[in-house]
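Remember, it's 1-based here, ligands and their atoms both numbered in the order they're listed.
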Amino acid sequence: MFLFFGVLIMERCIATVSTMTGEAGIGIVRMSGKGCWDVGKKVFVPAFGQVTEADHRKMKYGHIMEDDQLVDEVMICFMKAPNTYTREDMVEIYTHGGPMSVKKVYRLLLEKGAVPAERGEFTKRAFLNGRIDLSQAEAVKDLVSAKTDMAYKASLNQLEGGLQKEITGHRQKLLNVLSTIEYAINFTEDDDTYDVAPAIVEGRQVLEALLKMRSSANRGKIVKEGIRTVIVGKPNVGKSSILNALLRENRAIVTDVAGTTRDVIEEMLDLGGIALRLMDTAGIRETEDVVEAIGVERSLQSLQGADLVLAVFDVSQALDEEDREVLDHIRDKNAIILLNKEDLAPVWEPQDLGLDHIDLVTLSAETGTGLEDLEQKILDRFFDGGLPSAESLMITNERHAHLLDEAIEALDRAILDLEAAISLELCEVDVRSAWLKLGEITGETADDDVLNKIFSDFCIGK
Ligand code: GDP
């Protein structure tokens, strides 16, 4: 929908199944765009009365019919532009949740004039029609995929416009800086004494705020994506026992990863609102035979790209060559050393490892001692000084972090040049560039390629 000489022009009617396919209580098929009420009225026979404009956002009960053939018994909701998710006319049909009901209703809508929606097209329309900005649209995707309380709250905050408001405020200030510079450029044509100090002060304020925001990105990434963790250690030191013990203590996160084509399978657990993603099944789920066969080697391969390495040693057995090899591999990694089987008589001391700069946790997967200590150490490692509060603004998106970097670089250069009284024209270019980069976060200055890329990452139906 967009305004054309004061008239609302709506995009073509799109339809999609918005719920997961499978056996479920209900399934939702929805439409948005020009003529979707007509398509809805063609297939829906209300149990009482007719569908009228007065039905806006009201649930109606009735049947979906294909000519005189019953397709499903449904609830339906007709919604009138502009007070809808997309700001266009919309219809949502609540069918029975089985794959057949949903599919048949969807097919029927296509037959009656709707076209299949592209990925993220509903949210894209909400963005293009100005209901949400780009950072809020991205938050919708994050909210749908959030697996922990913290990830959920961070995306909800962004969806509510937390980031949008902040960025918009900074862009406004950059406009002030720009106008001061532009004024100075014109002014100095006659007289070179125009004072740019206010622009420097305001520019610095924005720069500091952007740097602060940028510094939250590491935590933000962990909040959103979780801590990619690898457990390494030679066979029989207790890797799978530790994993199981951690899973017993914490809530396991149900994911749709297992059994898919991804070659790395992960166990996920919720550690105080943060996802601990334990990568790789080598030594985790396989039988001991396979563990022997795959051994340390396979686990070591997964060290690449890990945020955290948990290196397990058995204190009840003498350290050997294989243990030393594990140590060699974790020396330069973000690692915590786990001294397992502390319930058995230890035959060596932590200092025998010859590493004094790596955190150690003594524990027993068998009795559970030391597990809490381990959990706390993991959280401290990433959130020293406490977990972020739900309200604090965090950069959780790599695209935003990258754009912030570019804005910071340009603004920093502009301020240094202003202070050194170097060409005002160059300063203007840099401040404008920072303003444009920030605008890409909210979408005001993002081009079609960026938009297409962002929305093509959405799940179907959103
Ligand atoms: P992995 O090959 O490293 O995954 O080791 P497992 O978790 O399969 O454990 C090997 C053996 O050590 C099993 O028999 C476990 O029951 C035992 N084990 C693991 N952790 C402990 C522990 O903390 N104390 C004791 N006493 N035995 C343990």
Side-chain angles (χ1 to χ4, degrees), residues 226-253 255 257-259 262-269 271 276-331 333-353 355 358-378:
I227 304 170
R228 289 165 57 95
T229 310
V230 180
I231 304 186
V232 292
K234 68 177 187 189
N236 278 324
V237 289
K239 297 181 295 295
S240 40
S241 305
I242 290 171
L243 171 74
N244 289 331
L246 282 170
L247 280 169
R248 266 199 305 279
E249 289 271 308
N250 297 279
R251 194 159 57 86
I253 297 171
T255 63
V257 176
R262 285 177 61 157
D263 53 356
V264 176
I265 295 173
E266 62 185 25
E267 298 275 358
M268 268 220 232
L269 58 100
L271 206 66
L276 192 68
R277 297 169 50 188
L278 290 144
M279 317 296 291
D280 205 330
T281 51
I284 290 178
R285 263 207 175 149
E286 323 244 359
T287 66
E288 289 194 76
D289 275 2
V290 180
V291 173
E292 302 272 19
I294 301 169
V296 182
E297 192 55 39
R298 168 113 181 254
S299 299
L300 288 177
Q301 284 169 5
S302 55
L303 283 176
Q304 245 84 20
D307 298 312
L308 177 70
V309 179
L310 300 177
V312 187
F313 299 89
D314 177 352
V315 290
S316 71
Q317 302 287 326
L319 281 172
D320 63 16
E321 223 11 72
E322 270 184 293
D323 289 314
R324 299 269 169 220
E325 219 174 282
V326 173
L327 279 175
D328 280 344
H329 281 96
I330 61 151
R331 236 172 258 281
K333 299 279 186 293
N334 187 19
I336 297 178
I337 290 191
L338 309 189
L339 305 176
N340 191 34
K341 307 198 191 182
E342 70 96 36
D343 54 302
L344 303 176
V347 300
W348 51 274
E349 298 292 324
Q351 51 268 32
D352 296 342
L353 290 171
L355 294 172
I358 297 187
D359 262 343
L360 297 174
V361 177
T362 305
L363 80 166
S364 165
E366 189 79 12
T367 66
T369 46
L371 281 179
E372 268 180 34
D373 188 18
L374 170 62
E375 289 163 17
Q376 195 53 50
K377 278 219 163 67
I378 294 174

Using distance alone, decide if ligand 1 has a nitrogen or oxygen within less than 3.5 Å of any nitrogen or oxygen in Ser241.
yes
Could you report the tightest heavy-atom contact between Leu247 and Met268, atom names first, then the distance?
CD2-O, 4.2 Å
What is the minimum heavy-atom distance between Ala245 and Leu371, and which atoms define it?
CB-CD1, 3.6 Å
Do the non-hydrogen side-chain atoms of Val237 and Asn340 ever get within less than 4.5 Å of each other?
no
Find all atoms of ligand 1 within a distance of less than 4.0 Å from any non-hydrogen atom belonging to Leu344, and give their numbers and elements.
26 (N)
For ligand 1 and Leu363, I'd like to know whether there is a polar contact (N/O to N/O, distance under 3.5 Å).
no
Can you check which of Gln317, Lys341, Lys239 brings a heavy atom nearest to atom 11 (C) of ligand 1?
Lys341
Quick check on contacts: which atoms of ligand 1 are under 4.0 angstrom from a heavy atom of Asp343?
22 (C), 23 (O), 24 (N), 25 (C), 26 (N)
Check Phe313 against Ile337 and note the closest heavy-atom contact, atom names and distance.
CD1-CG2, 3.8 Å
Residue pair Leu374, Leu246: steps toward the side chain to side chain contact (heavy atoms under 4.5 Å, CB included) verdict
CA-CA 9 Å; Leu374 170 62; Leu246 282 170; 4.2 Å; yes
Between Gly233, Ser240, Ala245, flag the one that comes closest to atom 6 (P) of ligand 1 by a heavy atom.
Ser240
Side chain, backbone, both or neither: which part of Asn236 has a heavy atom under 4.0 Å from ligand 1?
both
For ligand 1, which atoms have a heavy atom of Ser364 less than 4.0 angstrom away?
22 (C), 23 (O), 24 (N)
So which atom in Ile330 and which in Ala311 form the shortest heavy-atom distance, rounded to 0.1 Å?
CD1-CB, 3.7 Å
Going by the closest heavy atom to atom 23 (O) of ligand 1, which one wins out of Gly368, Ala365, Pro235?
Ala365
Side chain, backbone, both or neither: which applies to Val237 and ligand 1 if a contact is any heavy-atom pair less than 4.0 Å apart?
both
Could you give me the CA-CA distance, side-chain angles and deciding distance for Ile378 and Glu375, then say whether side chain to side chain contact (heavy atoms under 4.5 Å, CB included) is met?
CA-CA 5 Å; Ile378 294 174; Glu375 289 163 17; 5.6 Å; no
